[in-house]
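Here's the structure, in structure tokens; my notes come after.
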Amino acid sequence: MTAAAQADLLDYDDVVARFDPVLGLEVHVELSTATKMFCPCSTTFGADPNTQVCPVCLGLPGALPVLNEAAVESAIRIGLALNCEIVPWCRFARKNYFYPDMPKNYQISQYDEPIAINGYLDVPLDDGSTFRVEIERAHMEEDTGKATHIGSATGRIHGATMSLLDFNRAGVPLIEIVTKPIEGAGERAPEVARAYVTALRDLLRTLGVSDVRMDQGSLRCDANASLRPHGQVEFGTRTETKNVNSLKSVEVAVRYEMRRQAAILVGGGKIHQETRHFHEDGYTSPGRDKETAEDYRYFPEPDLEPVAPSAELVARLRTTIPELPWLSRKRIQQDWGISDEVMRDLVNAGAIDLVAATVEAGAASEAARAWWGNFLVQKANESGRVVSDLAITPAQVAAVIALVDEGKLSNKLARQVIEGVLAGEGEPEQVMSDRGLALVRDDSLIQSAVDEALAANPDIAEKIRGGKVQAAGAIVGAVMKATKGQADAARVRELVMAACGQG
């Protein structure tokens, strides 16, 4: 945080002593459909710029949109999971504005007739309590393209020497989830903001409607904040911090805005209604004046028919809504008998669902936690990916664990099997066979290796015969090296001790 940004802040305790914070959170979620909202272009992340485009998503004259049915069903499922009312009839509108990453110069969105309204989410907080966040609406729209600004110190357009446009993202299905004003959080307002976005992310991931990768922009949060003196009914003037891209940053941005606005109000100034940019070192800076709905000149989209989900469709989709993830985790934690710290580590690693699926496939929970929470997380970090993106399934991990339990693999050899599966070499048993990794069970082969190791190390053999049994470790190590780790170390030790008269 710059010295200037730090200087213009009020102490946080003074803020909450003088003011009530009021929040509003707008979360944009890219849906994980195979194609875009209104055309058949792919939504795969990371493709070469401007390779996943067509006349529809580029807004070329005469190109007409066709609604993505899977996106509508995802929108309904999200609304149901948020305890919303699914309306029997809604329609799209054109949101008119000019910006280079919006090729049509308007965005197809929903305005006064969204698909889901009046919901709520009971958000778990750090101390085990819950805070109810009421949902105003969840509506469908399309995403914009992506602008990369070159030459500016901040990476933003101000000061840039050129801007590069990638329209691959233009037209990707979005759901925008808008809260009602969040009141009553008091000093915990920043925590509530973070907890809400965290809960929403977990819920959407459990629904399977989005990968909710904040680092890739598939989940983005705009955080609105205002202050009002204690006892005042009217809301204060709000600011909107745009595109906050991590859970911790949501909390930091809200706390910073509370302190910044309070300093202005205490000094007799007025809050300017505007958008603000969040900087990763912990402060916000002015963006542009905040538009109103009138500025966008909304009008009904003439090229799309209204959406009228049937009661039968809504009822069917309601049956697909899973248990809330934090309730599921609490039950799983009790079943597994693990600490809050261990559960938190698994959740933070994105491994909890993978562990649960591995247990369902037949593995013991302790072994499943160890493999996913340690070795596989390490592999994901090495490749710069999240653990859920690794090319191995819970069933395959369970199969590796079974091979260890059956005595066919040691943990060391099992790691090599998993590496083979990750490399696309086949199923665990096939990798074990092709790489020749199965444990050696033939005592005659192991005995031969023991005899050779003892003969090569007569001084160590003599120590073992003399009662210094700890020296056997060196012989066991030599045998394990000779057998490429495929001998059972416990059985090797037994044969060493027997050969030296210590059995």
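Everything numeric in this text was worked out from a predicted model, so none of it was measured. Keep in mind that the numbers below use all heavy atoms, side chains included, and drop hydrogens, waters and symmetry copies. In this chain, numbering begins with 1 at the start of the sequence shown.
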More than 12 heavy atoms of other residues, nucleotides or ligands under 6.0 Å from [atom1] of [X]: is that the case?
X	atom1	result
Glu187	CD	no
Glu366	CD	no
Arg435	CZ	yes

Taking all heavy atoms of [X] and all of [Y], pick out the closest pair and write down the distance.
X	Y	value
Glu141	Ser109	OE1-OG, 2.8 Å
Glu142	Gly171	OE1-CA, 3.7 Å
Ala116	Ile86	CB-CD1, 3.9 Å
Glu191	Leu125	OE2-CB, 3.5 Å
Leu64	Val56	O-CG2, 3.5 Å
Cys41	Cys57	SG-SG, 3.9 Å

| request: Verify, without hydrogens or angle tests, whether Asn168 (side chain) and Ser42 (backbone) share a donor-acceptor contact under 3.5 angstrom. | output: no
| field | Side-chain donor or acceptor of Asn96 paired with backbone N/O of Arg297 under 3.5 Å | value | yes
Is the closest side-chain heavy-atom distance between [X] and [Y] below 4.5 Å?
X	Y	result
Ser74	Ile175	no
Asp127	Arg188	yes
Val192	Val123	no
Leu174	Arg220	yes
Trp371	Ile401	yes
Thr43	Gln52	no
Arg260	Tyr283	no
Val172	Phe45	no

| Does the pair Asn83 and Ile135 meet the rule for a side chain to side chain contact (heavy atoms under 4.5 Å, CB included), with working shown? | CA-CA 9 Å; Asn83 303 290; Ile135 308 298; over 6 Å; no
Are [X] and [Y] ion-paired here, with the side-chain N under 4.0 Å from a carboxylate O?
X	Y	value
Asp126	Arg194	yes
Glu323	Lys330	no
Arg276	Glu274	yes
Lys180	Glu136	no

Distance check, rounded to the nearest 0.5 Å: [X] atom [atom1] versus [Y] atom [atom2]?
X	Y	atom1	atom2	value
Gln416	Leu409	CD	CG	9.5 Å
Arg318	Ile76	CZ	CD1	10.5 Å
Glu85	Asn118	CD	CG	6.5 Å
Ile392	Ile418	CD1	CD1	5.0 Å
Asp112	His139	CG	NE2	11.5 Å
Glu280	Asn245	CD	CG	5.0 Å

| Derivation and outcome, salt bridge (charged side-chain N to carboxylate O under 4.0 Å, His left out), residues Arg132 and Glu134 | CA-CA 6 Å; Arg132 174 163 292 189; Glu134 295 189 345; over 6 Å; no
| field | Identified ring pair (Phe, Tyr, Trp, His ring centres under 6.0 Å) counterpart of Tyr111 within the set Tyr106, Tyr298, Tyr296 | value | Tyr298
| Between Phe38 and Phe92, how do the two ring planes meet: parallel, tilted or perpendicular, split at 30° and 60°? | perpendicular
| message | As a quick check of understanding, evaluate side chain to side chain contact (heavy atoms under 4.5 Å, CB included) for Arg385 and Leu390, giving each step before the final call. | response | CA-CA 8 Å; Arg385 292 183 287 176; Leu390 291 176; 3.8 Å; yes
Distance only, no hydrogens: is a donor on one side chain within 3.5 Å (strictly under) of an acceptor on the other, for [X] and [Y]?
X	Y	result
Thr241	Glu257	no
Ser218	Asp211	yes
Gln333	Asp340	yes

| When you look at Lys379 and Glu382, which way does the salt bridge (charged side-chain N to carboxylate O under 4.0 Å, His left out) test go after all the steps? | CA-CA 5 Å; Lys379 287 296 176 183; Glu382 289 173 357; 3.6 Å; yes
| Hey, mind stepping through Glu301 and Arg91 against side chain to side chain contact (heavy atoms under 4.5 Å, CB included) and telling me if it holds? | CA-CA 8 Å; Glu301 169 57 63; Arg91 61 181 172 179; over 6 Å; no
| said: As a quick check of understanding, evaluate salt bridge (charged side-chain N to carboxylate O under 4.0 Å, His left out) for Asp353 and Arg205, giving each step before the final call. | reply: CA-CA 10 Å; Asp353 292 337; Arg205 181 189 287 132; 5.9 Å; no
